[in-house]
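Comments concern the structure below.
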2 protein chains.
Amino acid sequence: MEQNTFIKGSLTTIVLKLLNDNGRMYGYEMTKAVRVLTADKMDIAEAALYPALHKLVKDGLLETTSEVVDGRMRKYYSLTRKGNKESKSKIEALKESLQSLHIILNSNLSNG
Amino acid sequence: MEQNTFIKGSLTTIVLKLLNDNGRMYGYEMTKAVRVLTADKMDIAEAALYPALHKLVKDGLLETTSEVVDGRMRKYYSLTRKGNKESKSKIEALKESLQSLHIILNSNLSNG
DNA sequence: TTTTGATACCTAAATTTGTTAGGTATCAAT
DNA sequence: ATTGATACCTAACAAATTTAGGTATCAAAA
């Protein structure tokens with residue numbers, strides 16, 4: 001049902017932002033959070049998310065703790081100290097990129 | 001000198017937007033236009049731009065006319081009728097994606 | 001005069017990132 | 001007993017960008 005173009009290259013930063021806000025989340029929860037925040041306009045594919053999470057762990061930005069809840073496994077992710085630092089700079093960088101893109105998309109002959 | 005993260009997947013739409021506004025531009029001119037619009041915060045790599053332009057021509061969204069100006073070749077691109085239609089929808093789609101991303105990046109625990 | 005910087009085009013190989021297309025398993029509800 | 005939601009995952013492929021070059025003209029500076 002989601003038809004919005006996913007903005008490529010932003011997935012890692014979205015994950016860092018979610019964890020920066022919420023402290024601790026598991027993968028499936030992140031996909032739901034994005035759908036709720038964007039009113040189903042954006043959807044993170046699990047096939048994109050899980051490899052991205054694994055890479056962030058490998059790069060030392062995230063750490064995990066696993067729990068079994070209601071008989072189902074949950075793997076919680078949280079920011080490491082390094083991840084905490086990098087999340088802030090990546091979020092700021094993406095915000096600036098968004099602004100640049102916004103300027104381009106809203107410029108025209110009369111105001112440009 | 002440019003350190004802003006280029007937002008991947010947006011290049012094609014940026015090109016369509018520039019041509020939608022300006023009617024007719026050549027590649028090198030597009031790279032300059034983006035730098036000017038964004039105050040050097042965003043830079044389109046020529047190695048990304050030219051293949052993207054060629055694909056848009058191949059897909060029937062752009063057409064070209066070549067001229068020699070001051071002894072140097074210029075290849076002007078403009079929207080075809082099909083390109084004109086698609087540019088509008090792609091620009092709108094990217095704007096909506098930008099909004100979704102904006103919501104995510106600016107959400108936090110206090111506001112939901 | 002020759003080197004540098006700007007203009008103006010281009011490609012090939014490699015990498016990154018996401019998509020497509022699955023897979024397994026538990027639990028609640030029909 | 002099957003369906004839908006929860007919850008994790010991988011492999012093969014495709015698309016897009018980056019890296020790292022290349023060619024050539026012209027103007028200005030060394």
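Below, read A as the first sequence line, B as the second, and so on, with proteins coming before strands; counting in each chain starts at 1.
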Q. Looking for any heavy atom pair under 4.0 Å, which part of the strands does E46(A) touch: base, sugar-phosphate only, or nothing?
A. base

Q | First and last nucleotide of DNA chain D, 5' to 3', lying under 4.0 Å from heavy atoms of chain B | A | dA16(D) to dC26(D)

Q.
Test: salt bridge (Lys or Arg N to Asp or Glu O under 4.0 Å). Region: residues 97-106 of chain B. Which pairs qualify, not counting sequence neighbours?
A. none

Q: Report yes if the side chains of L94(B) and I7(A) come closer than 4.5 Å at any heavy-atom pair, otherwise no.
A: yes

Q) For DNA chain C, what residues of residues 57-71 of chain A have any heavy atom nearer than 4.0 Å? A) D70(A), G71(A)

Q. How bent is the helix from dT1(C)-dA30(D) to dT30(C)-dA1(D), comparing axes over its five end pairs at each side, to the nearest 10°?
A. 10°

**Q.** Sugar-phosphate only, base, or nothing, as touched by R74(A) at under 4.0 Å among non-hydrogen atoms
**A.** sugar-phosphate

Q. Sequence neighbours excluded, which residues qualify as side-chain contact (heavy atoms from CB on, under 4.5 Å) partners of V57(B)?
A. L62(B), T64(B), Y77(B)

Q: Would you give a per-nucleotide map of nucleotides 12-17 of chain C, 5' to 3', where B means the base has a protein non-hydrogen atom under 4.0 Å away, S means only the sugar-phosphate does, and - means neither?
A: -----S

Q.
Going by ring pair (Phe, Tyr, Trp, His ring centres under 6.0 Å), name the pairs with one or both residues in residues 14-42 of chain A, residues two or more places apart or in two chains.
A. Y26(A)-Y76(A)

Q | All pairs passing salt bridge (Lys or Arg N to Asp or Glu O under 4.0 Å) where residues 57-78 of chain B contributes a residue, at least two apart | A | R24(B)-E67(B), K55(B)-D59(B)

Q) Can you pull the salt bridge (Lys or Arg N to Asp or Glu O under 4.0 Å) pairs that have at least one residue in residues 76-92 of chain A, sequence neighbours excluded? A) E92(A)-K95(A)

Q: Quick one: list whatever passes side-chain contact (heavy atoms from CB on, under 4.5 Å) with A52(B), sequence neighbours left out.
A: L11(B)

Q) For T13(A), what residues pass the side chain to side chain donor-acceptor pair (under 3.5 Å) criterion, not counting sequence neighbours? A) none

Q.
Quick one: does any side-chain atom of N106(B) pair with a main-chain N or O of H102(B) as donor and acceptor, under 3.5 Å?
A. yes

Q) Are any non-hydrogen side-chain atoms of Q99(B) and T38(A) less than 4.5 angstrom apart? A) no

Q) Are I44(B) and V15(B) side-chain neighbours, meaning at least one heavy-atom pair lies under 4.5 Å? A) no

(Q) Tell me whether T80(A) contacts the main-chain N or O of G60(A) through its side chain, where contact means a donor paired with an acceptor under 3.5 Å. (A) yes

Q. Ring pair (Phe, Tyr, Trp, His ring centres under 6.0 Å): which pairs involve residues 29-71 of chain A, sequence neighbours left out?
A. none

